[in-house]
Engineer: 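One structure coming up, written as structure tokens, with questions to follow.
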Amino acid sequence: MIIAPSLLAADHACFGKSAARAAKAGADWLHLDIMDGHFVPNISFGPQVVKAVRPLTKLFFDVHLMCNKPEILLEPFARAGADEIIIHVELGEQVEPLIWKVKQLGKKVGLAVNPPTPISLAQPFLEKIDLLLVMTVNPGFGGQEFIHETLPKIQQAEAWRREKQLRYQISVDGGINFQTAAECARAGADTFVAGTSLFGARSLKAAINKMRKIVNANDPALADLKV
Ligand code: DX5
Ligand code: ZN
């Protein structure tokens, strides 16, 4: 199970310190939200910030592109230090060539699906991706409420993975707190992106430890072993 704090919820005056803090607190990955003001009604930060933070931590950089023209951004983020680049399935015909471009850059590739979008749109790409991200809020802002109607999409993603014997990770992002993380783990998620509930906690370390305990306790695979 992967715990990935989202830097969007950290103090924007010290992204570097926040990234190093997340590593020290026991995070597995760092989730980096890239918003262009078009794909979503918000602007976050660019490759320069990722490049500046990169030398400060060995954490795996999970770069989430919420952008209308990701094709112009893949190389700058790859060079800046991204380990994985996530694109959105809502980009339609661009998705296939973008997946190949990310792979050509030697990075892992993720595919994100927004709450209103049917998970079936991701099906043609399942063999080609390293991670399937089920958005659990409408993208664009941190601090939003978890959308419970997205839980069946996580279950479907897990069922496909099992039936087709695939290895992609199943990530969830948006409104993930101790309660919703447990629900997502039971549904089959294994990667948990959380901003407010981690960077907003008094102790980042305690919050990460608690979330890890909760998702492990609700991991269906471990539950089977206990029987
Ligand atoms: C939203 C982003 C999320 C967000 C999560 O568009 O993709 O990563 O930062 O923040 P919380 O956990 O506060 O909902
Ligand atoms: Zn995100």
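In this text, all values refer to a predicted model and were calculated from it rather than measured experimentally. Indexing begins at 1, ligand by ligand and atom by atom, following the structure's order.
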Engineer: Check ligand 1 against P139 and write out every atom of the ligand that is under 4.0 Å from a heavy-atom position of the residue.
Structural biologist: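 Here the atoms of ligand 1 in question are 6 (O).
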
Engineer: Please write down residue, atom name and distance for the protein heavy atom closest to atom 13 (O) of ligand 1.
Structural biologist: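 Protein heavy atom at minimum distance: T196 OG1, 2.4 Å.
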
Engineer: Just to confirm my output: which protein heavy-atom neighbour is closest to atom 6 (O) of ligand 1, and how far is it?
Structural biologist: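 The protein heavy atom lying closest is G140 N, 2.8 Å.
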
Engineer: Which atoms of ligand 1 sit under 4.0 Å from any heavy atom of H64?
Structural biologist: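 Going through ligand 1 atom by atom, the ones under 4.0 Å from H64 are 7 (O).
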
Engineer: Given side chains that start at C-beta, do those of V215 and C184 come closer than 4.5 Å, heavy atoms only?
Structural biologist: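 No, their side chains stay 4.5 Å or more apart.
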
Engineer: Looking at atom 14 (O) of ligand 1, what's its closest protein heavy atom, distance included?
Structural biologist: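 Atom 14 (O) of ligand 1 sits closest to the protein heavy atom G175 N, 2.8 Å.
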
Engineer: Counting from 1, what ligand 1 atoms have a heavy atom of L8 closer than 4.0 Å?
Structural biologist: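 Selected atoms, number and element: 9 (O).
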
Engineer: Ion pair present between D28 and R212, side-chain N to carboxylate O less than 4.0 angstrom?
Structural biologist: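 Yes, D28 and R212 are salt-bridged.
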
Engineer: Donor-acceptor pair, distance only, cut-off 3.5 Å: does the side chain of T136 make one with the backbone of G174?
Structural biologist: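 Yes.
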
Engineer: Within less than 4.0 angstrom of ligand 1, does A9 place any heavy atom?
Structural biologist: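 The answer is no: ligand 1 sits nowhere under 4.0 Å from a heavy atom of A9.
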
Engineer: Numbering the atoms of ligand 1 from 1, which are under 4.0 Å from a heavy atom of H31?
Structural biologist: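 Once the distances to H31 are compared, the set is 8 (O).
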
Engineer: Taking the side chain as C-beta and beyond, is there a heavy-atom pair between E71 and Q94 under 4.5 Å?
Structural biologist: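 Yes, side chains in contact.
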
Engineer: May I ask you to decide if the ring planes of F45 and H12 are parallel, tilted or perpendicular, using 30° and 60° as cut-offs?
Structural biologist: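 It falls in the perpendicular class, over 60°.
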
Engineer: Closest to the Zn ion (ligand 2), which N/O/S atom of H31 is it?
Structural biologist: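 In H31, the heteroatom (N, O or S) nearest the Zn ion (ligand 2) is NE2.
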
Engineer: Would you mind checking which non-hydrogen protein atom is closest to atom 3 (C) of ligand 1, with the distance to 0.1 Å?
Structural biologist: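 Result: D173 OD1, 2.9 Å.
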
Engineer: Among all protein non-hydrogen atoms, which one is nearest to atom 4 (C) of ligand 1, and what is the separation to 0.1 Å?
Structural biologist: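 The closest one turns out to be D33 OD2, 3.7 Å.
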
Engineer: Taking the Zn ion (ligand 2) as the vertex, measure the angle between atom ND1 in H64 and atom OD2 in D173; round to 10°.
Structural biologist: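 It is 90°, given to the nearest 10°.
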
Engineer: Which heavy atom of A80 sits nearest a heavy atom of R54, and at what distance?
Structural biologist: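 It is O-CB, 3.6 Å.
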
Engineer: Starting from the Zn ion (ligand 2), look over the N/O/S atoms of D33 and name the nearest one.
Structural biologist: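 Considering only N, O and S atoms, D33 comes nearest to the Zn ion (ligand 2) through OD1.
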
Engineer: So between F146, F199, F141, whose heavy atom ends up nearest atom 1 (C) of ligand 1?
Structural biologist: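 Minimum heavy-atom distance to atom 1 (C) of ligand 1 goes to F141.
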
Engineer: Against heavy atoms of G174, which atoms of ligand 1 measure under 4.0 Å?
Structural biologist: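 That gives atoms 14 (O) of ligand 1.
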
Engineer: Are D173 and H31 packed together at the side-chain level, in the sense that at least one heavy-atom pair is separated by less than 4.5 angstrom?
Structural biologist: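 Answer yes - side chains close enough.
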
Engineer: Considering only non-hydrogen protein atoms, determine which one is nearest to atom 10 (O) of ligand 1 and report residue, atom name and distance to 0.1 Å.
Structural biologist: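 Result for atom 10 (O) of ligand 1: G142 CA, 3.6 Å.
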
Engineer: Does atom NZ of K164 have more than 12 heavy-atom neighbours from other groups under 6.0 Å away?
Structural biologist: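 Yes, the 6.0 Å shell around NZ holds more than 12 heavy atoms from other groups.
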
Engineer: Answer side chain, backbone, both or neither: which part of S6 comes under 4.0 Å from ligand 1, heavy atoms only.
Structural biologist: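 Looking at S6 and ligand 1, just side chain atoms fall under 4.0 Å.
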
Engineer: Should N138 be counted as touching ligand 1, given the test is an N or O pair under 3.5 Å?
Structural biologist: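 In fact, backbone or side chain, N138 has no N or O that close.
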
Engineer: In the protein, which heavy atom is nearest to atom 12 (O) of ligand 1, and how far is it?
Structural biologist: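 Answer for atom 12 (O) of ligand 1: G195 N, 2.7 Å.
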
Engineer: Any chance CD of E93 has more than 12 other-residue heavy atoms, nucleotides or ligands included, within less than 6.0 Å?
Structural biologist: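 Open: at most 12 neighbouring heavy atoms sit under 6.0 Å from CD of E93.
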
Engineer: Roughly how far, to the nearest 0.5 Å, is NE2 of H88 from CG of N68?
Structural biologist: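 Going from CG on N68 over to NE2 on H88, the span is 11.0 Å.
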
Engineer: Among M1, K213, R186, exactly one meets side chain to side chain contact (heavy atoms under 4.5 Å, CB included) together with N218. Which residue is that?
Structural biologist: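 Going through M1, K213, R186 one by one, the side chain to side chain contact (heavy atoms under 4.5 Å, CB included) with N218 is satisfied by R186 alone.
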
Engineer: Considering only heavy atoms of G143, which atoms of ligand 1 have at least one such atom less than 4.0 Å away?
Structural biologist: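 Reading through ligand 1 atom by atom, the close ones are 11 (P), 13 (O), 14 (O).
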
Engineer: Give the numbers and elements of all ligand 1 atoms closer than 4.0 Å to a heavy atom of A194.
Structural biologist: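 So the answer, numbered in order with elements, is 12 (O).
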
Engineer: Check ligand 1 against M35 and write out every atom of the ligand that is under 4.0 Å from a heavy-atom position of the residue.
Structural biologist: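 Checking each atom against M35, I get 6 (O).
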
Engineer: How about L98 and V95: do any of their side-chain heavy atoms sit closer than 4.5 Å?
Structural biologist: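 No - every pair of side-chain heavy atoms lies 4.5 Å or more apart.
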
Engineer: Applying side-chain hydrogen bond (donor to acceptor under 3.5 Å, both in side chains) between E158 and each of R161, R162, Q155, report the one that passes.
Structural biologist: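 When R161, R162, Q155 are each tested with E158, the side-chain hydrogen bond (donor to acceptor under 3.5 Å, both in side chains) holds only for R162.
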
